[in-house]
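Every number for a ligand or one of its atoms is a count from 1 in the order of the listing.
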Amino acid sequence: MAYKITSKCISCKLCLSACPTGAIKIVDGLHWIDPNLCTNCDGTAYSVPQCAAGCPTCDGCIKERGDYWESWFATYNKLVTKLTKKEEYWDNWFNFYSQKFSEQIQKHQTSGIEA
Ligand code: SF4
Ligand code: SF4
């Protein structure tokens, strides 16, 4: 979700030069963030969004609220990508699980013989 400028903006223009992607523009006299250019400052030298960090108002520049399911699927896809990139993950999981399972069966059978 991109950042957006709200009605609390006092048009100080500080964010215009602070934005590393040139996403902030003035349209019809109002500051506006182009959502196609805003990267939330990810992949830049900055660890925090520069527009919000430098804004002299409390909430003149805020993160746009995302759709619940859109964020849910974004998180889900990120996690699944991480899992599927580790090719041996499921093999290791299966080996560990089957080993524990056979240990349990063996233990059960041994205790049955002794009884
Ligand atoms: S979050 Fe970063 S990239 Fe997006 S508008 Fe603000 S300064 Fe620009
Ligand atoms: S820094 Fe804040 S108050 Fe200044 S122009 Fe940008 S959004 Fe508006």
Side-chain angles (χ1 to χ4, degrees):
M1 268 307 124
Y3 272 71
K4 72 170 183 181
I5 291 174
T6 71
S7 58
K8 302 284 172 63
C9 170
I10 56 170
S11 296
C12 73
K13 296 187 169 65
L14 281 175
C15 57
L16 272 179
S17 55
C19 176
T21 65
I24 304 174
K25 297 163 189 215
I26 297 177
V27 178
D28 296 331
L30 297 173
H31 285 70
W32 172 74
I33 294 177
D34 184 341
N36 296 316
L37 293 177
C38 175
T39 61
N40 295 344
C41 286
D42 289 344
T44 68
Y46 306 104
S47 54
V48 291
Q50 291 301 285
C51 52
C55 182
T57 71
C58 279
D59 43 13
C61 185
I62 58 168
K63 192 167 190 181
E64 191 116 44
R65 271 191 65 161
D67 173 74
Y68 175 82
W69 287 112
E70 197 178 312
S71 339
W72 192 91
F73 278 113
T75 310
Y76 172 82
N77 287 332
K78 212 189 275 180
L79 291 174
V80 167
T81 310
K82 275 186 190 164
L83 283 182
T84 50
K85 269 187 188 162
K86 292 181 181 158
E87 281 154 20
E88 324 88 62
Y89 179 86
W90 293 115
D91 281 347
N92 289 341
W93 181 87
F94 182 77
N95 289 340
F96 180 78
Y97 180 80
S98 53
Q99 188 191 332
K100 291 287 165 199
F101 189 68
S102 52
E103 277 171 14
Q104 287 298 316
I105 290 178
Q106 233 166 18
K107 210 163 131 186
H108 189 72
Q109 283 172 342
T110 311
S111 64
I113 292 166
E114 284 168 359

Per-atom filter on ligand 2: closer than 4.0 angstrom to a heavy atom of Lys13 are 4 (Fe), 5 (S)
Proximal atoms of ligand 2 relative to Ile10 (non-hydrogen, under 4.0 Å)
3 (S), 8 (Fe)
Which of the numbered atoms in ligand 1 are below 4.0 angstrom from a heavy atom of [X]?
X     : value
Tyr3  : 1 (S)
Ile33 : 5 (S)
Pro20 : 7 (S)
Pro49 : 1 (S)
Cys51 : 1 (S), 5 (S), 6 (Fe), 7 (S)
Cys19 : 3 (S), 5 (S), 7 (S), 8 (Fe)

Can you tell me if Cys15 has an N, O or S atom under 2.8 Å away from atom 6 (Fe) of ligand 2?
yes
Report whether any nitrogen, oxygen or sulfur of Cys41 sits less than 2.8 Å from atom 2 (Fe) of ligand 1 (N, O or S, backbone or side chain).
yes
What do we get for Thr21 next to ligand 1 when only non-hydrogen atoms under 4.0 Å count, side chain, backbone, both or neither?
side chain
Looking at Leu37, Leu30, Ile33, which hits side chain to side chain contact (heavy atoms under 4.5 Å, CB included) with Lys25?
Leu37
Is the CD atom of Glu103 crowded by more than 12 outside heavy atoms at less than 6.0 Å?
yes
Residue Cys61, metal atom 2 (Fe) of ligand 2, N/O/S under 2.8 Å
no
Using a 4.0 Å heavy-atom cut-off, which part of Lys8 comes near ligand 2: side chain, backbone, both, or neither?
neither
